[in-house]
Number of protein chains: 2
Amino acid sequence: MSYSVGQVAHVAGVTVRTLHHYDEIGLLVPSERSHAGHRCYSDADLDRLQQVLFYRELGFPLDEVAVVLDDPDADPRAHLRRQHRLLTARIEKLQKMAAAVEHAMEARRMGINLTPEEKFEVFGDKDPEQYAEEAEQRWGNTEAYAESQRRTASYTKDDWKRMQDEVADWGARYDALMTAGESPDGERAMAMAEEHRQHITTWFYECTYEIHRGLGEMYVSDERFKAFYDSMRPGLAEHLRGAIAANASRHEG
Amino acid sequence: MSYSVGQVAHVAGVTVRTLHHYDEIGLLVPSERSHAGHRCYSDADLDRLQQVLFYRELGFPLDEVAVVLDDPDADPRAHLRRQHRLLTARIEKLQKMAAAVEHAMEARRMGINLTPEEKFEVFGDKDPEQYAEEAEQRWGNTEAYAESQRRTASYTKDDWKRMQDEVADWGARYDALMTAGESPDGERAMAMAEEHRQHITTWFYECTYEIHRGLGEMYVSDERFKAFYDSMRPGLAEHLRGAIAANASRHEG
DNA sequence: ACTTGCACCTCACGTCGCGTGAGGGCCCAG
DNA sequence: CTGGGCCCTCACGCGACGTGAGGTGCAAGT
């Protein structure tokens, strides 16, 4: 029961050259060679290959992979545990990136512009506060942006305007709704929340209820978003958050 | 308001050399040069850099990044949408990998061994059925494995045995529980489910209630896992699934 | 018996995305 | 006028393979 390079390459989804390479650098040396000098991979070799590919997938350089795999006091259980940790960490990171993208989309939708630092927060590889002071010096005051940013905001023309109109119309109706004393978890408020979600979905991206709920929270936690909504009517951000949450609950549950 | 290479490198979390490289290959050419020949990056350049880094992060080769960014009929909205799609796809893939790792852990825990194909399913980059017939020829019948696999299963010795004993003990008590006619959502069954979860957590990895629920489903859907549990007592797999679900519900909600 | 074909082998050079100096210029502080 | 700091342009190196080029072992068709 041993497999040739071609067979291994096939099931593992790698090229033959890759297997040759791993042999060359000693990362995965087939446990046997046939009479004709052909590489013969055992089941144990396949197991090792699987581990190699796993760590490679997560961005480990091959020499480090060799180190972790050849560590004598790491049994298979330890590897599985480690892999599970790495995966969940990775997933979390991507979810943060996704949240950042949603954040950026919302910023566009409202014509709010982000500072350079915020734009790169997606890749959150540094302490955001650490360089805060330094950034002030480097980048000057925020007003400088407000202008330069407002220009860049205009790079979609017609439909950008149309979309803004939709938002304004929605805002006016939400204002009226609040004047009428409607509760956030009332039918009409939820309908407005749903319309809000639809607006995002049609103009930007598929906004799930889960995402929508996250946005609702952001509208009160992020000052600029709060300011944007409260400019339509004081307290609207807070009210909307409730409506979004109520609307999400009834659709999810 | 323009930034030097050093400043840009700092906020973006890349090296100066990287920026030089992107300039060389025409991927990100700073919109201006200072009197002394120094690169001056504008806000728009920063935006572009952010996009570049984003697609790079997701594994795009730089020339393809150039293509998507220079596509004239792709406005910023389209990019954000695309990025969101890519991220969610990526997250899903990682979650499947995590599920596969959990699957592998369960297989180890029970001494069930997987076929080579199954081991590489983690990287699910091919249609599993497409090569099914071919695989039969290549790998021979499953009985051949059953043996060769059983050997490899022995590569943790002492504590592997101890763990097996724990499982056996638990099985005997679950058997008794069923003989007593306990319901899956009864207190005692839930306690056994919780013990089951704890067993996994102490021996393998942090088994959340969500993961546990997934395992419960697998115990009835995957033949070998079902066979393993039903070998303790017929119908145990099904009963356990219910107990796990009930136990998860009371802890989550 | 012969060749055709396939899957394997070993060099060995090419590519991509940078890392890492080497050698030099601009400008401000001491 | 001499450092020190940040910038510049070559230009070679490296990791993880891709991509032929040229040769071997073996089963199947003519």
Side-chain angles (χ1 to χ4, degrees), chain A residues 2-42 45 48-49 51-69 123 125 131 134 137-139, chain B residues 2-41 45 48-49 51-69 123 125 131 134-135 137-139:
Chain A
S2 75
Y3 318 112
S4 74
V5 270
Q7 292 173 323
V8 175
H10 189 132
V11 286
V14 298
T15 67
V16 171
R17 173 68 177 116
T18 301
L19 294 175
H20 285 181
H21 184 58
Y22 293 168
D23 188 358
E24 273 175 38
I25 65 173
L27 178 56
L28 178 64
V29 182
S31 48
E32 221 174 336
R33 290 274 187 148
S34 81
H35 145 71
H38 293 193
R39 292 171 178 80
C40 297
Y41 293 86
S42 70
D45 293 337
R48 186 175 172 92
L49 175 57
Q51 305 283 8
V52 169
L53 294 182
F54 189 96
Y55 286 114
R56 185 189 71 165
E57 181 80 13
L58 292 183
F60 282 68
L62 296 187
D63 48 4
E64 283 185 33
V65 173
V67 171
V68 301
L69 289 187
F123 310 103
D125 43 357
Y131 300 108
E134 186 181 345
Q137 297 181 310
R138 280 174 185 263
W139 310 101
Chain B
S2 73
Y3 319 112
S4 73
V5 268
Q7 293 173 322
V8 174
H10 190 131
V11 287
V14 298
T15 68
V16 171
R17 173 67 178 116
T18 301
L19 294 174
H20 285 182
H21 183 59
Y22 293 168
D23 189 357
E24 274 175 36
I25 64 173
L27 178 56
L28 178 63
V29 181
S31 49
E32 222 175 337
R33 289 274 187 147
S34 83
H35 144 71
H38 293 192
R39 292 170 178 81
C40 297
Y41 292 86
D45 293 336
R48 185 175 172 93
L49 175 57
Q51 304 283 9
V52 169
L53 294 182
F54 188 96
Y55 287 114
R56 185 190 70 167
E57 181 81 13
L58 293 183
F60 282 68
L62 296 186
D63 50 2
E64 283 185 33
V65 173
V67 172
V68 300
L69 290 186
F123 310 103
D125 44 354
Y131 301 108
E134 188 180 344
Q137 296 182 311
R138 279 175 185 264
W139 308 104

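Every chain is numbered from 1, with letters handed out A, B, ... down the list of sequences.
Checking C/dC8, C/dT10, D/dC7 against the side-chain heavy atoms of A/Val5 singles out C/dC8 as nearest.
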Nucleic acid footprint by protein, nucleotides 23-28 of chain C - heavy-atom cut-off 4.0 Å, B for base, S for sugar-phosphate alone: ---SS-
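Sorted by first and then second residue, the salt bridge (charged side-chain N to carboxylate O under 4.0 Å, His left out) pairs with a member in residues 13-23 of chain A read A/Arg17-A/Glu24, A/Asp23-A/Arg33, A/Asp23-A/Arg39; sequence neighbours excluded.
For the salt bridge (Lys or Arg N to Asp or Glu O under 4.0 Å) test, residues two or more places apart in sequence or in another chain that qualify with A/Arg48 are A/Asp70. For B/Thr15, the side-chain hydrogen bond (donor to acceptor under 3.5 Å, both in side chains) partners at least two apart in sequence or on another chain are B/Thr18. Every residue meeting the side-chain hydrogen bond (donor to acceptor under 3.5 Å, both in side chains) condition with A/Tyr55, not counting sequence neighbours, appears here in chain and number order: A/His79, A/Arg82.
Distance, B/Glu24 CD to C/dC18 P: 12 Å, rounded to whole Å. In this structure, B/Leu58 atom CG and C/dG17 atom C1' are separated by 17 Å, rounded to whole Å. D/dT9 atom P lies 12 Å from atom CG of B/Leu19, rounded to whole Å. Atom pair B/His20:NE2 and D/dC7:P shows a separation of 8 Å (rounding to whole Å applied).
For D/dC7, the OP1/OP2 oxygens have a side-chain nitrogen or oxygen of B/Ser4 closer than 4.0 Å. Here A/Arg39 does not reach the OP1 or OP2 of C/dC8: none of its side-chain N or O atoms lies under 4.0 Å away.
Each of B/Val16 and A/Arg33 was matched to the nucleotide of DNA chain C holding its nearest heavy atom; the match closer to the 5' end belongs to A/Arg33.
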Under 3.5 Å, which N/O atoms of the protein pair with N/O atoms of nucleotides 14-18 of chain D?
{"residue": "D/dA16", "atom": "OP1", "partner": "A/Leu62", "partner atom": "N", "Å": "2.6"}
{"residue": "D/dC17", "atom": "OP1", "partner": "A/Arg56", "partner atom": "NH1", "Å": "3.1"}
{"residue": "D/dC17", "atom": "OP2", "partner": "A/Tyr22", "partner atom": "OH", "Å": "2.7"}
{"residue": "D/dG18", "atom": "OP2", "partner": "A/Thr15", "partner atom": "OG1", "Å": "2.8"}
{"residue": "D/dG18", "atom": "N7", "partner": "A/Arg17", "partner atom": "NE", "Å": "3.2"}
{"residue": "D/dG18", "atom": "O6", "partner": "A/Arg17", "partner atom": "NH2", "Å": "3.1"}

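B/Glu64 places no side-chain N or O within 3.5 Å of a backbone atom of B/Pro61 that could act as its donor or acceptor partner.
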Candidate pair A/Tyr41 and A/Leu28, rule side-chain contact (heavy atoms from CB on, under 4.5 Å), full reasoning: CA-CA 9 Å; A/Tyr41 293 86; A/Leu28 178 64; 4.0 Å; yes
Worked check of side-chain contact (heavy atoms from CB on, under 4.5 Å) between B/Asp45 and B/Leu49: CA-CA 6 Å; B/Asp45 293 336; B/Leu49 175 57; over 6 Å; no
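In this structure, A/Val52 and A/Leu27 approach most closely via the heavy-atom pair CG1-CD2, 3.7 Å.
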